[in-house]
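Okay, structure first, notes after.
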Amino acid sequence: MSVQPSVRAFDVEGITDHSANRPADADSLKQALRALGGGVSIITAGEGEARTGATVTSATALSVEPPRMLVSLNRTSSTWPVVERFGHFCVNVVGEHHEMIADQFAGRGGLKGPNRYTGAEWTRLISGAPVLEDAVAAIDCEVEEAIERHSHAIVLGRVVGIRIGGGGSLIYRGGRYFALSD
Ligand SMILES: Cc1cc2nc3c(=O)[nH]c(=O)nc-3n(C[C@H](O)[C@H](O)[C@H](O)COP(=O)(O)O)c2cc1C
């Protein structure tokens with residue numbers, strides 16, 4: 001019996017084989033991720049003068065049962081060591097009126113640490129991490145585990161408090177913010 005050569009799935013049923021048209025490197029991946037886009041949230045951590053935080057698109061749920069979040073934080077950012085030290089973080093889902101504060105937490109304008117918190121109202125829930133008073137949603141977490149891999153730390157958070165404010169959220173795609181209304 002002759003063995004048929006393997007047929008790639010995308011060669012059948014008339015689906016065209018578009019070859020990869022970029023090198024599989026960091027620049028191409030950045031370009032592809034610009035097309036992916038993502039919901040914007042601010043990761044906050046620390047207390048008093050030790051507070052800092054970062055704007056991210058990598059925060060998402062690992063699972064809802066049990067309630068667990070994950071976020072990928074650059075290990076060279078000011079936020080990762082504070083998350084590690086305090087063992088907490090809050091995922092503050094931001095809205096269209098939070099563009100300025102999202103820029104502050106992305107390090108634009110040069111603000112550092114607690115100065116990133118200026119221009120907004122903050123409170124706390126359970127973990128002690130700062131919570132944006134008028135966040136679209138705030139998901140307060142205690143660190144369950146962190147996996148340091150390559151440039152980033154994948155931080156898994158046990159959800160200990162949730163606050164839902166409502167309103168439209170903010171999307172970042174192609175280097176620009178977009179408001180997404182209900
Ligand atoms: C829309 C957007 C999404 C970002 N997503 C992430 C992310 O998921 N993880 C991360 O480590 N940094 C992310 N960054 C970069 C951080 O916000 C930025 O590097 C950090 O706040 C710089 O802070 P530092 O001065 O504390 O290092 C993102 C920036 C922007 C503008």
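Each ligand, and each atom within it, is numbered from 1 in the order the structure gives. We number each residue from 1, following the sequence as shown. All values below come from the heavy atoms of this structure, side chains included, with hydrogens, waters and symmetry mates left out.
Scanning the protein for heavy atoms near atom 25 (O) of ligand 1, the closest one is R116 NH2, 2.7 Å. When only non-hydrogen protein atoms are considered, atom 18 (C) of ligand 1 lies nearest to A106 O, 3.7 Å.
Set against the non-hydrogen atoms of R108, the atoms of ligand 1 under 4.0 Å away are 31 (C). Listed by atom number, the atoms of ligand 1 under 4.0 Å from S78 heavy atoms are 24 (P), 26 (O), 27 (O).
Taking the ring axis of F178 as reference, the NZ or CZ atom of R173 does not stay both within 45° of it and closer than 6.0 Å to the ring centre.
Note: no N/O pair closer than 3.5 Å links A54 and ligand 1 by distance alone. In terms of polar-atom proximity, T76 is not counted as a contact of ligand 1, lacking any N or O under 3.5 Å from an N or O of the ligand.
Among pairs with a residue in residues 74-97, those fulfilling salt bridge (charged side-chain N to carboxylate O under 4.0 Å, His left out) read R75-E148, at least two apart in sequence or across chains.
For atom 30 (C) of ligand 1, the choice among T52, V40, L111, T55 with the nearest heavy atom turns out to be T55. Nearest to atom 10 (C) of ligand 1 by heavy atom, out of G53, S72, S77, is S72. Residue nearest to atom 8 (O) of ligand 1, selected from G39, P81, G110, S58: S58 (by heavy-atom distance).
Electrostatic pairing of R163 and E133 counts as a salt bridge here, judged by a charged N lying under 4.0 Å from a carboxylate O.
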